[in-house]
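Working notes, beginning with the structure itself.
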Amino acid sequence: MRSWVEVAADSHFPIQNLPYGVFSTGDNEPRVGVRIGDFVLDLVALHDAGLLPGANVYDRPFINDLMALGPRAWQEVRNAITDILRESEPTLRDDDELRSATLIPVSQVKMHLPVRIGAFVDFYSSEQHATNVGSMFRPDAPLMPNWKHLPVGYNGRASSVVVSGTPIKRPHGQTAPGQSTEPIFGPSKNLDFELEVGFFTGTENPLGNQVPTSRAADFIFGLVLVNDWSARDIQRWEYQPLGPFLAKSFATTISPWVVTMAALDPFRIAGPDQDPPVLDYLKYDKPWRLDMDLEIHLKTERMSQPQVICRTNYKNMYWNMAQQLAHQTVNGTNVQIGDLYASGTVSGDEPDSFGSMLELAWRGERPLVMQETGEERKFLEDGDTVMLTGHCQGDGYRIGFGEASGTIRPA
Ligand code: CA
């Protein structure tokens, strides 16, 4: 399938993708749009022209009201937009006035946080990441006994989730250098990133009810890239016994375009085998892994071009989204429209496929070298920019996420 909008073969945003985001132009209020090639399709203008079914849920600063329409409407709206952009469809293609009112070059828009996020949950679902981090602190038993029986996670902080491009201020906090048990106070010296993939729930589930894996598709609206910024020195001092607190809650960056499950459906793959067998409520009957290439790019202030420091794939995850949602709700907690569930750091088997600086530079023992400048990195310095990107490769097209980027500002 092709669109009359010209889209390069390596673009993240062909007609097969059509992700939702929130954008503004000039002094106008933020509103909902869809990305196609190097353009944003203004859904307010499209609805005003009578080309979208149902209510106008697009003149809003978030896509929550669109998600609230429910799975059947998600498909109807997607079908309508696909039809309008299809190569053979003249309505918008041949109407110069309407086309220039609805199709805006990305260079002219500012992107905003796409979702009003009620809750943020972070899982820990890569066996390689859990093993790497575990082996640094518990060499004899890197994986805890529960790890292969449940998708470990914690409730994070939704209020500090920011859209790509937002500067990240280095956090202050308590740390206890070396073996000390007397803390000092100051800016984090071990600032890190975590490459993750997150999903948004677009359907509510009342308190006291579970979401079985068989119903996950009705709840999962779409996915974004997530950078779970982490202050390792603060984390090391504070995390026992209840887990990370201030080490993670200062900022989390997401990519601006929410890629729908409908667009990602062709990239589902089976597996992995889970041994020991999981409890019944974690069993699932259709493929939920996604074959999605992921990269981390790092650029210091002195570099003119970023350097790729990690190549990995989302299919490396041991626990999938349906299992994460089923586990999250098995105690009856309620799901809201606009909750964000992050995967946990996506790490592969090879040293250049690890999704955090902690692992890539192995706790500072193997500093990364920037080819262009010869600079070394054990953790992030002020002025460093971290950019996550990712896509699924189809036959002649890509379903991409754009990027999730952030630059470190001094404390
Ligand atoms: Ca994380």
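Numbers here simply count residues along the sequence, with the first being 1. Indexing begins at 1, ligand by ligand and atom by atom, following the structure's order.
In this structure, a donor-acceptor pair under 3.5 Å is present between the side chains of Asp293 and Asn313. For the residue pair Asn79 and Glu76, no side-chain donor N or O sits within less than 3.5 Å of a side-chain acceptor on the partner.
The closest approach of Glu196 to the Ca ion (ligand 1), by N/O/S atoms, is made by OE2. Taking the Ca ion (ligand 1) as reference, Asp228 places its N/O/S atom OD2 nearest. Minimum-distance N/O/S atom of Asp122 relative to the Ca ion (ligand 1): OD2. Summary: OE1 is the N/O/S atom of Glu194 found nearest to the Ca ion (ligand 1).
Between the side chain of Ser3 and the backbone N or O of Val5 there is at least one donor-acceptor pair closer than 3.5 Å.
Centroid-to-centroid, the aromatic rings of His172 and Phe185 come within less than 6.0 Å.
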